[in-house]
Amino acid sequence: MSKAKITFINHACFTIEKDDEMAIVDPWFFGKVFNNSWSLMRETTPKLDKLKYIFITHEHPDHLHWPTLKYIKENTNHEVSVVFGLRKNKNVVENIRKLGFLCAEIPPNTEYKINNFLKVSNYPTNHDSAYIFVVDDVVILNQNDCHLSNSQCLAIKQKYPKIDVWWMQFSLAGYYANHDDEAGLSKAREHHTELIENYFNFFKPNIFVPFASFVYFCKQYNSFLNNWILSVEDIYNTFKHLPLQILYYDDQLQLENFTERTQKNLQKWKKTFDCQKIILEHRLVSDDEIISEADKMLNDIKQLNKRPTPPELIFQFYDKESFFKIDCAALTCSFVDEKDVEQEKIAGILPSDELYSFFKFPWGADTLNITSCFEIKNSSLWRNMLIFKDQLYER
């Protein structure tokens with residue numbers, strides 16, 4: 001009987017293949033995500049003829065990418081099942097089924113047999129989720145960007161005392177500090193390496209595969225993060241004493257004898273990351289568009305009777321002279337002149353299209369935070385507003 005093949009595709013995506021069946025994890029093949037603020041280093045188009053299962057670890061668009069799912073559906077003529085974690089809000093499952101896929105929801109912390117060579121379990125925390133894949137007798141912990149709690153780590157370790165392969169995000173992925181806060185951004189880099197070290201020391205996997213960071217920040221006001229990312233070379237230099245396997249596009253995971261290929265892949269990734277990056281300008285959004293979407297959010301607050309609400313605050317813009325004031329308790333919002341602004345109420349500065357996205361989409365707070373296309377002026381006001389908006393969206 002043939003052995004299963006595990007192949008890295010792109011960013012957080014890999015395939016598990018054996019005989020005439022293939023599963024794919026978190027497919028994102030093309031396009032930009034997080035309000036067009038993240039771009040893949042390279043687009044990919046894997047073969048789909050054996051595809052039977054799609055696993056989505058969590059809802060973030062670099063893991064759950066709707067255009068890629070639509071592409072898969074249009075380029076397969078056989079039945080494909082999507083596996084997603086069980087949650088209260090059924091919007092994801094309903095939309096997966098609307099695309100024409102079968103969809104199975106799996107409750108957390110329980111192992112499920114998928115077929116004769118694959119078992120799976122998921123461990124959700126906040127917006128993210130780690131998955132365990134047992135492929136034949138090989139145990140794979142796909143932690144991606146999930147910050148597992150101590151109790152979850154213990155639960156995983158008790159059930160799977162031997163982790164063969166550990167996949168982990170390795171670089172920056174959201175707001176850490178303002179663009180001019182070098183100390184804060186340096187601390188963010190250190191935080192990521194500390195996370196990797198701490199989780200590795202706990203799980204003690206036989207192989208560590210860094211992934212889920214093969215992107216660049218592609219918008220005008222977050223492109224500064226490209227100067228602060230942890231590169232593949234940084235990870236190698238920091239963790240070369242570990243059983244580190246660096247995969248390049250279409251590489252098959254090897255359970256042994258991968259050191260020489262890792263060395264070669266360091267150079268491949270350096271060339272890939274050194275390529276010219278296309279940086280997008282922000283779209284100027286009209287006052288009326290912003291007011292319209294803000295009013296819809298205020299109406300949601302009224303309908304839900306959501307209390308307590310954040311205090312009145314003000315947003316400043318990079319691309320507008322006026323300021324935007326919003327009071328969620330009074331259910332009012334308006335554009336105001338600078339002369340009428342109380343400086344201590346300015347939560348932050350951002351482009352108009354980022355504020356528009358924040359109001360327009362139920363997940364706008366999470367997206368805004370991940371884009372990093374802003375400067376925080378009053379951290380308490382900013383944080384309270386984003387937390388409040390995010391709580392309006394039931395997951």
Side-chain angles (χ1 to χ4, degrees), residues 3-9 11-18 23 25-26 55 57-58 63 108-111 114 117-125 128-171 173 191-214 230-248 251-263 265-266 269:
K3 291 184 177 180
K5 296 191 300 183
I6 298 160
T7 305
F8 172 69
I9 303 300
H11 187 56
C13 177
F14 59 92
T15 59
I16 303 167
E17 180 183 347
K18 185 173 180 178
V25 181
D26 290 346
F55 293 96
T57 61
H58 59 284
H63 300 261
N109 314 322
T110 305
E111 186 177 88
I114 303 299
F117 67 87
L118 180 60
K119 292 179 285 188
V120 64
S121 53
N122 74 315
Y123 294 82
T125 178
D128 302 327
S129 186
Y131 268 58
I132 292 280
F133 296 98
V134 181
V135 185
D136 290 329
D137 59 347
V138 176
V139 177
I140 299 170
L141 169 54
N142 173 16
Q143 189 169 346
N144 55 80
D145 26 318
C146 183
H147 290 183
L148 292 165
S149 66
N150 290 338
S151 61
Q152 287 176 310
C153 289
L154 286 168
I156 291 171
K157 191 66 174 176
Q158 287 173 358
K159 187 169 181 61
Y160 305 98
K162 183 178 75 74
I163 304 292
D164 293 294
V165 187
W166 176 55
W167 300 67
M168 179 69 176
Q169 175 209 2
F170 65 86
S171 192
H191 173 68
H192 272 276
T193 56
E194 288 170 3
L195 275 178
I196 291 171
E197 185 172 15
N198 291 339
Y199 282 122
F200 180 90
N201 288 338
F202 184 87
F203 290 119
K204 293 182 171 55
N206 292 335
I207 298 171
F208 161 37
V209 180
F211 85 138
S213 297
F214 299 114
L230 285 159
S231 68
V232 179
E233 189 174 16
D234 290 332
I235 293 300
Y236 176 79
N237 290 335
T238 304
F239 297 110
K240 57 187 174 185
H241 60 289
L242 302 181
L244 180 64
Q245 183 167 177
I246 295 172
L247 299 174
Y248 198 67
D251 275 348
Q252 186 177 329
L253 180 75
Q254 296 176 352
L255 298 180
E256 56 187 12
N257 302 324
F258 48 80
T259 304
E260 183 177 347
R261 188 180 65 181
T262 286
Q263 292 286 345
N265 283 346
L266 280 171
W269 279 120

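Heavy-atom basis, side chains included; hydrogens, waters and symmetry copies ignored.
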**Q** Checking Pro205 now: which residues fulfil side-chain contact (heavy atoms from CB on, under 4.5 Å) with it, not counting sequence neighbours?
**A** Ile163, Trp166, Phe200, Phe203
**Q** Does Phe239 have any ring-ring contact (aromatic ring centres under 6.0 Å, His included) partners at least two apart in sequence or in another chain, and if so, which?
**A** none
**Q** So, using salt bridge (charged side-chain N to carboxylate O under 4.0 Å, His left out) as the criterion, who are the partners of Glu260 when residues are at least two apart?
**A** Lys264
**Q** Can you list every side-chain hydrogen bond (donor to acceptor under 3.5 Å, both in side chains) pair that touches residues 150-161, not counting sequence neighbours?
**A** Glu111-Tyr160, Ser121-Tyr160, Ser149-Ser151, Ser149-Gln152
**Q** Taking only residues at least two apart or on different chains, which pairs with a member in residues 195-214 satisfy side-chain hydrogen bond (donor to acceptor under 3.5 Å, both in side chains)?
**A** Asp164-Asn206
**Q** According to side-chain contact (heavy atoms from CB on, under 4.5 Å), who are the partners of Thr110, at least two apart in sequence or on a separate chain?
**A** Tyr112
**Q** Just to verify, what does His63 make a ring-ring contact (aromatic ring centres under 6.0 Å, His included) with, not counting sequence neighbours?
**A** His58
**Q** Can you sort out the partners of Thr7 under side chain to side chain donor-acceptor pair (under 3.5 Å), two or more places apart, ordered by chain and number?
**A** none
**Q** Quick one: ring-ring contact (aromatic ring centres under 6.0 Å, His included) partners of Phe55, sequence neighbours excluded?
**A** Phe133
**Q** Please round to the nearest 0.5 Å and tell me the distance separating atom OG1 of Thr262 and atom CG of Asp251.
**A** 8.5 Å
**Q** Please name all residues satisfying side chain to side chain donor-acceptor pair (under 3.5 Å) with Gln254, sequence neighbours left out, ordered by chain then number.
**A** none
**Q** Can you sort out the partners of Glu17 under side chain to side chain donor-acceptor pair (under 3.5 Å), two or more places apart, ordered by chain and number?
**A** Lys50
